[in-house]
Every structure is written in structure tokens, then in C-alpha cells.
Trainee: 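Let me give you the structure first, and then I'll get to my questions.
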Amino acid sequence: MSDENKDIMTEEQLTAANEAAGVIEKTMGKFLDAASVDHVYSEPVKYGDTVVIPAAEVLSAAGFGYGFGSGSSGEEEEGEGGSGEGAGGGGGGRVLARPVAVVVVSPEGVRVEPVADRTKVLLALITTLGFMFSVLARIKNGGRE
């Protein structure tokens, strides 16, 4: 392979790169759709004179990569062929959503009521009590473990 053609992509590499870009674009579209206002605020629920609008927190994270190689490694001179090609790609991501509040619209006015996650509150309490117990035990033992 001459030095002039080293940086030029082959037709197969170009096709593979375009396909990878298409997959990435489609996947990123899905991730961005997950953070749309339709997923943050749900359909309002009417109950008598009161309307309740659920609200959620949506977190979306993604990462992608693609690469390819080409050319010779200098092994041609030693008679081992020395030509090479390659391609590779990968990616991943996650979308997390959790309820955080409800907007209540009634004749008395509009208010936002937070949604407490009892599991997180309980875990925080257990962790705090465990830490306090550990510190008190160390104080009682005079700092010895």
C-alpha cells in the first residue's frame, strides 16, 4: 500500500462507519426521547374539582465508540504479509426514572407535593444508626478496635 492511500477509507470501511453512525443516531434518539417532557410529566388525572399531575425525574446516560484500522506494520519487509484491516465498536447506556412529586390543582390553588421514597429514607436511617453505634462502641472501648 502506498503512503498516499494510507489515510483513505476503503468502501467496506466507509459502509461499516456509516452503519455504525446510523445505529448511534437511532440509539441517541431513543435516549433523548426518554428525557422528553412527556416522560417527566404524566397525563393529568382528574378527580372531582382536583387535577393531579405526576412528575418524575429522568436520568439518561450513554456512551459509544467506534474505530477501525488499516495499513501495514512494516512486517511486509520480513515476508509476513504485513497488511491489516479492522473495525470495532461498542456502546451502552441506561435510562433511570423515578417519581419525585405531584402537582395538585384544586379550587384552593396549586401546590406541589413531594413524593418521599420510603426505602431510601429507611436505608439512610439504618446507615446513620449503624454509624452512630460504631462510633459509640469505639468511644466505649477507648479507641481500640
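Atom set for the values below is all heavy atoms of this structure, side chains included, hydrogens, waters and symmetry mates excluded.
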Trainee: Check salt bridge (charged side-chain N to carboxylate O under 4.0 Å, His left out) between Glu57 and all other residues, then give those that pass, not counting sequence neighbours.
Mentor: Arg98
Trainee: Taking transitive links into account, so neighbours of neighbours count too, which hydrophobic residues share a cluster with Leu129 at under 4.5 Å side-chain distance?
Mentor: Leu125
Trainee: Only pairs at least two apart or in different chains count here, so list each side-chain hydrogen bond (donor to acceptor under 3.5 Å, both in side chains) that has a residue in residues 120-130.
Mentor: none
Trainee: CZ/Arg138 to CZ/Phe133 distance, rounded to the nearest 0.5 angstrom?
Mentor: 12.0 Å
Trainee: At their closest point, which heavy atom of Ala101 faces which heavy atom of Val112, and how far apart are they?
Mentor: CB-CG1, 3.8 Å
Trainee: Tell me who clusters with Ile126, hydrophobic residues only, linked when side chains sit under 4.5 Å apart either directly or through other members.
Mentor: Leu122
Trainee: Is there a side-chain contact between Val115 and Val100 (heavy atoms, below 4.5 Å)?
Mentor: no
Trainee: Taking the side chain as every heavy atom from C-beta outward, state whether Val95 and Val58 have any pair of such atoms under 4.5 Å apart.
Mentor: yes
Trainee: With clusters defined by side-chain heavy atoms of hydrophobic residues (ILVMFWY) lying less than 4.5 Å apart, directly or transitively, does Ile53 cluster with Val110?
Mentor: yes
Trainee: Within a 6.0 Å radius of atom CG on Asn18, are there more than 12 heavy atoms belonging to other residues, nucleotides or ligands?
Mentor: yes
Trainee: If you define the side chain from C-beta out and look only at heavy atoms, does anything of Val45 sit under 4.5 Å from Val51?
Mentor: no
Trainee: Kindly indicate, with the supporting measurements, whether the criterion side-chain contact (heavy atoms from CB on, under 4.5 Å) is fulfilled by Val104 and Thr50.
Mentor: CA-CA 7 Å; Val104 181; Thr50 304; 3.6 Å; yes
Trainee: Filter on side-chain hydrogen bond (donor to acceptor under 3.5 Å, both in side chains), then keep only pairs touching residues 99-113, sequence neighbours left out; what's left?
Mentor: Ser106-Glu108, Arg111-Glu113
Trainee: Got a sec, which hydrophobics cluster with Leu96, joining ILVMFWY side chains under 4.5 Å apart, including via others?
Mentor: Leu59
